[in-house]
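Below: the structure, in structure tokens.
Residue numbering restarts at 1 for every chain, and letters A, B, ... go by the order of the sequence lines.
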2 protein chains.
Amino acid sequence: MDGRAGVGPLEESVGYALKQAASALRGAMDAALRPVDLTVPQYSCLELLGQRPGLSSADLARGAFVTRQAMNGVLRGLQERGLVTRPASAPHGRALPTELTPAGRAALEAASAAVRAVEQRMLTALGPAARLRLREDLATCAGALAGPGEGAGTGEGAGTGEGAGSGGVSAGARRLRPRRR
Amino acid sequence: MDGRAGVGPLEESVGYALKQAASALRGAMDAALRPVDLTVPQYSCLELLGQRPGLSSADLARGAFVTRQAMNGVLRGLQERGLVTRPASAPHGRALPTELTPAGRAALEAASAAVRAVEQRMLTALGPAARLRLREDLATCAGALAGPGEGAGTGEGAGTGEGAGSGGVSAGARRLRPRRR
DNA sequence: CGACGTGTGTCAAGCTCTTGACGTGGACGG
DNA sequence: CCGTCCACGTCAAGAGCTTGACACACGTCG
């Protein structure tokens, strides 16, 4: 550990800072969710279902930034625990609308409180305006990265307004497996 | 997929936006690094070594936000490919200082260009001031999350200044699994 | 001088997630 | 009316990472 190498370009990279913050957030969330016996994907799933009941497995997967298979496994585990319910037959297409059970809602409430505390701690040094701007900038970055990779929606992506919502979870969440063809 | 459920609190959460941006960035980086036959951890390792030669495996692990074992596996693969060199015996402690080979430096150059392009695309809608502020805010968030596991107070400095550098990689890169005992 | 704590490298095991491919049900478009 | 395309769900396999535990070296303190 010599005193060489001050701050390199690494610390100047936004991507590195993003990875660092995401890693720290994930670790803190994992630690906070451990007492509730929930992993981060499981919590994401519950939170998604709490705010948008009736989502399908694929929608949840996109919302939690994992693959459909992973979300299916998570969903299966939650279902075995009695936290979510899925009808055996699809009412409309092939999508099975998932919903929270009372137990699931209770678990979500506890987990959400813990996660909210973590997020507050993360943002403790930032003012309200800075938080809002940070959120918007992150969404902008994600939107800018989602578009040109394959050629989906090109129009927006830069504005502060997130014009999503009509679809399942968020229009900007199409990554992680689209596979151009 | 009916047109229900506008934008929920999910879109208002900074943590969610952070996860979204990190996921998009990782996907884009993975796609950009595929032609070079490098994974994201491998690239992180090379980039770290390129900017701070002589780092040990543990230092690299902290810098890439993975465990020592994972970084050791990455390092082994890179060493087999002839991209990095590690002395068989430790000169000082037990730490083996790793360095880049010419081939590794060449691979790093190509990969770094691809990653830089991705980062530029990600930040295409943000001005220089916004980028700098985003980077600082992210570092602040990571710092605020790194310190207090659950015991320390909330009043952590976490200013914009990153007073790290003398040690391995960055002082803010706390352990991935401290596990107090 | 010897004991302790810290940090590092390594082995082994387990798990989760990703990648790849398949079959099926609905929605267009000819 | 039928063919094509797209989306959802599922199975199987593989790789990657994390967890847990061990042995060794250095610095420090009693």
To the nearest angstrom, how far is [X] atom [atom1] from [N] atom [atom2]?
X: B:R62; N: C:dG9; atom1: CZ; atom2: C1'; result: 13 Å
X: B:M71; N: D:dT19; atom1: CE; atom2: C1'; result: 18 Å
X: A:R26; N: D:dC17; atom1: CZ; atom2: P; result: 13 Å
X: A:L78; N: C:dT16; atom1: CG; atom2: P; result: 12 Å
X: B:L55; N: C:dG9; atom1: CG; atom2: C1'; result: 16 Å
X: A:F65; N: C:dC17; atom1: CZ; atom2: C1'; result: 16 Å

In chain order, what residues pass the side chain to side chain donor-acceptor pair (under 3.5 Å) check against [X], with sequence neighbours excluded?
X: A:R133; answer: none
X: B:S44; answer: A:K19
X: A:R94; answer: none

Q) Hey, which of these two, A:D30 or B:Q42, hits DNA chain D nearer its 5' end, going by closest nucleotide? A) B:Q42
Q) Given A:L33 and A:T39, is the side-chain contact (heavy atoms from CB on, under 4.5 Å) satisfied, shown in steps? A) CA-CA 6 Å; A:L33 289 172; A:T39 65; over 6 Å; no
Q.
Nearest 0.5 angstrom please: A:L145 CG to B:R121 CZ, how far?
A. 5.5 Å
Under 3.5 Å, which protein N or O atoms sit close to an N or O of nucleotides 10-14 of chain C? Give each pair with its distance.
unit_1 : atom_1 : unit_2 : atom_2 : d
C:dT10 : OP2    : B:N72  : OD1    : 3.3
C:dT10 : OP2    : B:N72  : ND2    : 2.6
C:dT10 : O4     : B:Q69  : NE2    : 3.4

**Q.** Any B:T67 side-chain nitrogen or oxygen under 4.0 Å from OP1 or OP2 of D:dT18
**A.** yes
Q: Using a heavy-atom cut-off of under 4.0 Å over every strand shown, decide if B:S56 touches base, sugar-phosphate, or nothing.
A: sugar-phosphate
Please list each protein N or O that sits under 3.5 Å from an N or O in nucleotides 3-6 of chain C, with the distance.
none

Q. What is the bend of the helix from C:dC1-D:dG30 to C:dG30-D:dC1 when you compare the axis at one end with the axis at the other, using five pairs each and rounding to 10°?
A. 30°
Q: State which residues pass side-chain contact (heavy atoms from CB on, under 4.5 Å) with A:A58; sequence neighbours excluded, sorted by chain then number.
A: A:S56, A:R62, A:R68
(Q) Going by side-chain contact (heavy atoms from CB on, under 4.5 Å), name the residues that satisfy it together with B:V74, two or more places apart in sequence or in a different chain. (A) B:P41, B:Q42, B:C45, B:M71, B:L78
Q: Check whether any side-chain N or O of A:Y43 sits under 3.5 Å from a backbone N or O of A:M29 as a donor-acceptor pair, and report yes or no.
A: no
Where do N or O atoms of nucleotides 25-28 of chain D meet protein N or O atoms at under 3.5 Å, pair by pair?
unit_1 : atom_1 : unit_2 : atom_2 : d
D:dC26 : OP1    : B:H92  : O      : 3.0

Q. Which residue pairs satisfy the salt bridge (charged side-chain N to carboxylate O under 4.0 Å, His left out) criterion with at least one member in residues 20-31 of chain A, sequence neighbours excluded?
A. A:D30-A:R34
Q | Close side-chain approach of B:L138 and A:L134, heavy atoms under 4.5 Å | A | yes
Q.
Considering only residues two or more places apart or on different chains, which pairs with a residue in residues 80-93 of chain B satisfy side chain to side chain donor-acceptor pair (under 3.5 Å)?
A. B:Q79-B:R86
Which pairs of donor and acceptor atoms, one on a side chain in residues 101-114 of chain B, lie under 3.5 Å apart (sequence neighbours left out)?
unit_1 : atom_1 : unit_2 : atom_2 : d
B:T101 : OG1    : B:G82  : O      : 2.6
B:T101 : OG1    : B:L83  : O      : 3.1
B:T101 : OG1    : B:G104 : N      : 3.0
B:S112 : OG     : B:E47  : OE1    : 3.4

Q.
For a side-chain contact (heavy atoms from CB on, under 4.5 Å) check, start with the C-alpha distance between A:T98 and A:L55, then their side-chain angles and the critical distance, and finish with the verdict.
A. CA-CA 6 Å; A:T98 314; A:L55 282 184; over 6 Å; no
**Q.** Check against side-chain contact (heavy atoms from CB on, under 4.5 Å), A:L123 and A:E119
**A.** CA-CA 6 Å; A:L123 300 170; A:E119 190 166 333; 4.0 Å; yes
